[in-house]
Amino acid sequence: MATLGNRRNGGNARKRLWCAIPVSCAALIIIYFTFLFDLRYKHCEVTPEVMATPMASPSMDSPPPPPVVDRCSGRYIYVHDLPGRFNSDMISRCRTLSKWTDMCPFVSNAGLGPRINNSEGVFYGTQWYATNQFALELIFHNRMKQYECLTTNSSLASAIFVPFYAGLDIGRYLWGYNTSVRDATSRDLIRWLKSRPEWSTMGGRDHFMVAGRITWDFRRLTDDEDDWGSKLLVIPEGKNMTVLVIESSPWHKNDFGIPYPTYFHPSKDSEVQLWQERMRRIRRPWLFSFAGAPRPNITDSIRNEIIGQCRQSRRCKLLQCDSGRSKCHSPSSVMGMFQRSIFCLQPQGDSYTRRSTFDAMVAGCVPVFFHPGSAYVQYVWHLPRNHSEYSVLVSEDEVRDGKVRIEEVLGRFGKNDVVAMREEVIRMIPRLVYADPRSRLETTKDAFDVTVEGVIQRVDDMKGGRVPEFSELESWKYAVAGRGGQHEWDHFFNRTTQ
């Protein structure tokens, strides 16, 4: 019986053991997964900043998130907050800006001027304005307000913009004012800039500004009351800055030519593309054309010869500009003629350059220059270095001496050559116009964008010691050829003959 009882007790014990095994295993499994979860959670724990970034999964095998790319790195611009006397006050007193012209209509629409009436059907769309050629400072400043890489931290900036309306300022005082008055605002600006910590970083060499007139309006060499313009670009502080003008000097380092404002100010990429396509398709019955007036007071001017040759040719269209209400002051008349012309003649006027050059190229007309100073050494950021791709150069000396007939020179170009040059001109149109400052183009680079890129590259080169030392008299050679020495255009730029 004892043996039987022991067997029964042993059987009961084995039953209790087999019942306990599942419970123990379950407990072990729970402990194991609790430990594993705790370990993984600690491994994947993130800071609040990281948690704010969407994550695909807290998996051990997930790749690290891509690094944040600063799209504005190397492109930041810091803009000085100038007192109103250097810019906005001039606009509010617009009637004082010119002795000859009421500038108030032209400072409207962010500097674009009044919208053009397209009753003659010359233009396409609504992005056309009667823009004054001296309104560039206002247009550029308003475009800068839309720039995507502005910063309030000057230490991040690749360049520093000075929104001083230098051209509008000097335009008030060019006639009938002494040198002290002409220089007053510029010298006041320099004092203000030198008081700022941003100036001391590079002595102003990382600063840039727009002076929306030709360079000679800011290069008075003496204090003689009969001498022209102000001294903005000849005083040491002015020479340190990069100054953007509508016509630069071939013999100085610190000013750079940028396009004259035209009538075309697109607000969307599609407006540019539609205009380009329209200029490709338009019929051009005139071989060449000229819009301009004689310059009887300029001894070496070839305008009389050009006007005479145009009148004698059945293939030339002449729009002669006299005083008073000329058709040359009508955007529709000027642009309509350029659109119907294959070549547009661009001789020197009162200075090397003309606004007409850019109006003509916007119309898809191949420009014909008579001096390399009219474009090739001026707009080095905006025009191709190989000038024969988009233009024709006829020596003004040969025209003056009666050695060439313009019609014969232009008539030698074959159809394929003409089409290729015109296509290059049309391709360049976006780089030659300033978009509407109240909008922003998505993918198209306009003249503003190209200019800012040029300025930033120049400042970067100065910081990196990559700007070569050379005589200022050879500045034009480095602009077009990247080196000094003898050049085929030396006779055009011989200072003793200027």
Side-chain angles (χ1 to χ4, degrees), residues 214 216 247 250-251 284-323 326-328 334 337-338 340-361 363 365-378 383 386-415 417-418 421-422 425 476-477 480 486-498:
I214 64 174
W216 312 111
E247 176 180 315
W251 308 288
R284 299 177 184 269
W286 303 107
L287 175 64
F288 63 112
S289 64
F290 174 63
R295 289 292 188 272
N297 296 327
I298 301 178
T299 306
D300 293 332
S301 175
I302 62 170
R303 289 199 173 197
N304 280 335
E305 286 83 359
I306 286 176
I307 292 171
Q309 288 195 30
C310 187
R311 283 175 171 164
Q312 294 170 9
S313 172
R314 291 180 296 178
R315 304 173 74 187
C316 181
K317 176 66 175 176
L318 177 64
L319 192 65
Q320 189 162 348
C321 308
D322 50 16
S323 58
S326 165
K327 285 188 176 181
C328 290
V334 173
M337 183 183 74
F338 289 158
R340 295 190 296 273
S341 304
I342 297 173
F343 296 99
C344 292
L345 308 186
Q346 304 296 342
Q348 298 184 68
D350 297 325
S351 62
Y352 284 134
T353 64
R354 308 178 72 206
R355 177 218 172 115
S356 171
T357 295
F358 295 96
D359 289 333
M361 287 196 285
C365 189
V366 177
V368 179
F369 299 113
F370 300 86
H371 192 292
S374 294
Y376 306 147
V377 307
Q378 295 286 340
L383 300 179
N386 185 355
H387 59 84
S388 63
E389 292 180 354
Y390 69 93
S391 68
V392 178
L393 177 62
V394 179
S395 172
E396 63 181 7
D397 293 333
E398 294 184 346
V399 174
R400 188 182 299 111
D401 296 340
K403 295 180 179 179
V404 298
R405 299 289 301 174
I406 297 171
E407 181 178 353
E408 293 178 3
V409 172
L410 301 180
R412 295 191 196 112
F413 286 97
K415 181 179 179 180
D417 294 329
V418 170
M421 283 190 287
R422 183 188 307 135
V425 169
W476 66 269
K477 297 181 181 180
V480 298
Q486 290 186 337
H487 195 280
E488 62 178 314
W489 292 340
D490 280 336
H491 67 285
F492 283 110
F493 297 102
N494 183 352
R495 286 300 297 270
T496 61
T497 64
Q498 303 302 313

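For the numbers below, each heavy atom of this structure counts, side chains included, while hydrogens, waters and symmetry mates do not.
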| Criterion ring-ring contact (aromatic ring centres under 6.0 Å, His included) on Tyr376 and Trp489, from CA distance to verdict | CA-CA 11 Å; Tyr376 306 147; Trp489 292 340; 5.7 Å; yes

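Screening residues 291-316 for ring-ring contact (aromatic ring centres under 6.0 Å, His included) gives no qualifying pairs among residues at least two apart or on separate chains.
The backbone N or O of Trp476 lies less than 3.5 Å from no partner atom in the side chain of Trp251, so there is not a single donor-acceptor pair. With hydrogens and angles ignored, the 3.5 Å screen pairs no side-chain donor or acceptor of Arg303 with any backbone N or O of Pro294. Remark: the backbone N or O of Gln309 is not paired with any side-chain donor or acceptor of Ser313 at under 3.5 angstrom. Remark: the backbone N or O of Glu305 is not paired with any side-chain donor or acceptor of Arg400 at under 3.5 angstrom.
Residues Val409 and Arg405 fail the side-chain proximity criterion, which asks for heavy atoms closer than 4.5 Å.
More than 12 non-hydrogen atoms from other residues, nucleotides or ligands lie less than 6.0 angstrom from NZ of Lys477.
With sequence neighbours excluded, the residues satisfying ring-ring contact (aromatic ring centres under 6.0 Å, His included) with Phe358 are Tyr379. By the salt bridge (Lys or Arg N to Asp or Glu O under 4.0 Å) test, Glu247 is found to be paired with no residue, residues two or more places apart in sequence or in another chain being considered.
We find that Lys403 and Asp397 are not joined by a salt bridge, their nearest charged nitrogen and carboxylate oxygen being 4.0 Å or further apart.
Donor-acceptor pairing under 3.5 Å is lacking for the side chains of Gln346 and Ser374.
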